[in-house]
Structure formats: C-alpha cells, structure tokens
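When a residue number appears, it is its place in the shown sequence, counting from 1. For ligands, and for the atoms within them, numbers begin at 1 and follow the listed sequence. Here the structure is a predicted model, which means the values were calculated and not measured.
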Amino acid sequence: MTEPLLEVKGLQAWYGESHVLHGVDLQVHRGETVTLLGRNGAGKTTTLKSIMGVLRKRQGEIRLSGKDLMNLPLHHIAYAGLGFVPEERGIFSGLSVHENLLLPPKVAEGGFTLDEIYHLFPNLAERRNSQGTKLSGGEQQMLAIARILRTGANILLLDEPTEGLAPVIVQRIGDVIRALKAKGMTILLVEQNFRFARKVADRFYVMEDGHMIDTFRADELEGRMDSLNETLGL
Ligand SMILES: Nc1ncnc2c1ncn2[C@@H]1O[C@H](COP(=O)(O)OP(=O)(O)OP(=O)(O)O)[C@@H](O)[C@H]1O
Ligand SMILES: [Mg+2]
C-alpha cells in the first residue's frame with residue numbers, strides 16, 4: 001500500500017491534567033473516506049482537535065504526506081491542507097451566506113470556485129444573501145462544509161455533520177460527501193449516526209475510552225455487526 005496521506009501514531013492528548021487519548025493510531029489514504037465511530041466521550045472530537053493542533057497538549061506522531069505536523073505552528077496546519085468542520089459549525093450569524101463563504105483564507109490551489117460551490121449546494125445559492133442567523137441547522141452545516149471547500153483543503157475533518165438534522169437533510173449531506181469522494185477528496189468523518197456512516201465510508205475505526213479498539217473495511221462490516229452493536233449500543 002502507498003504511504004498514507006494522514007498518519008497518526010501513538011497519539012496522546014490531555015485537557016489540563018485530564019489524560020483523554022491514550023495512544024491513538026490512525027491512517028487515512030488519499031481519496032479515502034474513513035469514519036471514526038465510538039460512544040459519547042470516546043475521544044473522537046479530541047482526536048480531530050489534536051490533529052488540527054487546536055488542542056496543544058499532546059504527544060505522539062501526526063504526519064501529512066510524511067511531513068511532521070506535531071511541531072508545526074497552529075496556523076501552518078491549515079496551510080498543510082487540513083480543513084476542519086467542527087461540530088458547532090462556526091457560522092458567523094451577522095454575515096450573509098456569501099460573506100461566510102468568502103471568509104476563510106485560501107490555503108492551497110485547486111479549491112472549489114464559488115460557482116462550483118453553489119452548484120453543489122443549490123440551497124445555499126438560493127440563500128446567498130440570507131444572514132447566518134436565518135439559516136436552518138442543515139443549511140448551516142452545508143455552509144460550514146462549503147466554506148472549507150473553497151479554501152483548497154484536500155483533506156476534510158468533519159465532526160458529526162448529521163447531528164440534529166432531519167433525515168432528508170442527512171441524505172443531502174450524504175450526497176455531498178459522495179460528490180466530494182468522486183472528486184477525489186480525502187475525508188475523515190466522525191459520526192454517531194451509524195446508518196449514515198455505513199453508506200459513505202470506505203473504512204472504519206472504532207474508539208473507546210481514548211483507545212482505538214478496531215479497524216475494518218466497509219466490506220468487512222457485516223462480520224463486525226455484533227461487536228459494533230455491543231460497543232456502540234446501536
Ligand atoms: N474541554 C474539555 N475539558 C475537559 N475534558 C474534556 C473536554 N472536552 C472533552 N473532554 C473529555 O474528554 C473525553 C473525550 O471527549 P470527546 O469530546 O473527544 O468525545 P467524543 O467521542 O467526541 O464524544 P461525543 O460523541 O459526545 O462528541 C470525555 O471524557 C470528555 O468528557
Ligand atoms: Mg464529539
């Protein structure tokens with residue numbers, strides 16, 4: 001197998017004195033959609049925040065195309081091509097859809113143009129002049145993803161993009177993820193919604209108490225269902 005695009009080895013992380021990640025290993029290959037599963041408090045969000053460097057107290061290895069990210073200053077990590085869409089989405093309520101889209105700086109060539117974004121998200125095109133406060137949860141989630149696509153990031157870290165959204169919107173987000181995959185985007189997805197995750201993921205990791213306890217490919221899922229039911233309480 002080729003070198004992974006993103007490689008995490010022995011990652012440990014702390015909130016103050018509280019030791020939360022205890023040696024997490026994770027690989028994401030170019031063009032893959034990898035889903036991180038685990039119950040509440042397993043350490044999924046902490047893993048994403050540690051990769052992005054917004055959580056600073058950590059140890060271990062984080063590499064992108066073999067290049068060390070662990071010792072890179074925070075503002076350089078986005079410029080390495082990692083785009084983070086946090087659970088809270090971070091839409092600026094006083095700005096319009098269009099202004100929110102324009103806000104994050106471009107970090108690399110090859111990002112989506114505004115035309116491409118509005119084509120992929122026709123609902124955002126319709127609402128381009130609406131204020132952030134006027135958007136539904138689903139529209140905010142789409143805007144949060146769309147905004148990162150414009151920056152040229154080539155690996156997306158999505159934290160529970162379907163949380164709290166109606167089934168029809170969840171389906172739309174699934175369509176968007178499949179469209180991004182078809183364009184060759186690399187995606188690391190954190191999800192509690194297993195039914196959604198199983199439709200988009202090429203590979204899975206399962207976390208428990210700050211450890212990775214399993215990894216398997218989509219075609220191995222059937223054989224894992226009993227243990228997943230137990231770990232995740234599906
Ligand atoms: N800011 C924080 N300060 C202290 N402890 C935290 C903080 N954020 C999370 N934790 C703790 O770290 C552990 C992992 O939390 P994390 O948010 O990574 O879990 P998660 O897998 O994303 O869960 P969820 O599915 O609920 O989002 C939990 O025990 C949580 O209580
Ligand atoms: Mg979380």
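Ligand 1 has at least one atom lying under 4.0 Å from a heavy atom of Glu160. Ligand 1 has no atom lying under 4.0 Å from any heavy atom of Lys49.
Checking Lys181, Arg217, Arg203 one by one against Glu32, the salt bridge (Lys or Arg N to Asp or Glu O under 4.0 Å) holds for a single residue, Arg203. Of the listed residues (Asp209, Thr47, Leu55), just one forms a side-chain contact (heavy atoms from CB on, under 4.5 Å) with Leu21, and that residue is Thr47.
Residue contact annotation: Asn40 places no N/O/S atom under 2.8 Å from the Mg ion (ligand 2).
Those atoms of ligand 1 that come under 4.0 Å of a heavy atom in Arg39, given as number and element, are 21 (O).
In the hydrophobic cluster analysis, where Ile, Leu, Val, Met, Phe, Trp and Tyr join through side-chain heavy atoms closer than 4.5 angstrom, Leu5 is grouped together with Leu36. With hydrophobic clusters built from ILVMFWY side chains whose heavy atoms lie under 4.5 angstrom apart, Phe84 does not share a cluster with Leu101. Criterion: ILVMFWY side-chain heavy atoms under 4.5 Å apart, direct or through other members. Under it, Leu228 and Met212 are not part of a common hydrophobic cluster.
The single protein non-hydrogen atom nearest to atom 4 (C) of ligand 1 is Tyr15 CB, 3.4 Å, given as residue, atom name and distance. Here the heavy atom of the protein found nearest to atom 29 (O) of ligand 1 is Gly41 O, 3.9 Å. In terms of protein heavy-atom proximity, atom 26 (O) of ligand 1 is nearest to Asn40 OD1, 3.1 Å.
Considering backbone and side-chain N/O of Ser18, none are found under 3.5 Å from N/O of ligand 1. Any N or O atom pair closer than 3.5 Å counts here, and Gln192 shares at least one such pair with ligand 1.
Taking the six-membered ring where tryptophan is involved, the planes of Phe194 and Phe204 are tilted, since the angle between them lies from 30° to 60°.
The closest heavy-atom contact to atom 18 (O) of ligand 1, among the options Val20, Thr46, Asp159, comes from Thr46. Evaluated by nearest non-hydrogen atom to atom 19 (O) of ligand 1, the leading choice among Gly38, Gly16, Gly210, Gly43 is Gly43.
For Glu88, the CD atom is densely surrounded, since the number of other residues' heavy atoms within 6.0 Å is greater than 12.
By the 4.0 Å N-to-carboxylate-O rule, Glu222 lies close enough to Arg198 to be salt-bridged with it.
The proximity of Thr45 to ligand 1, defined as any non-hydrogen pair under 4.0 Å, involves the side chain as well as the backbone.
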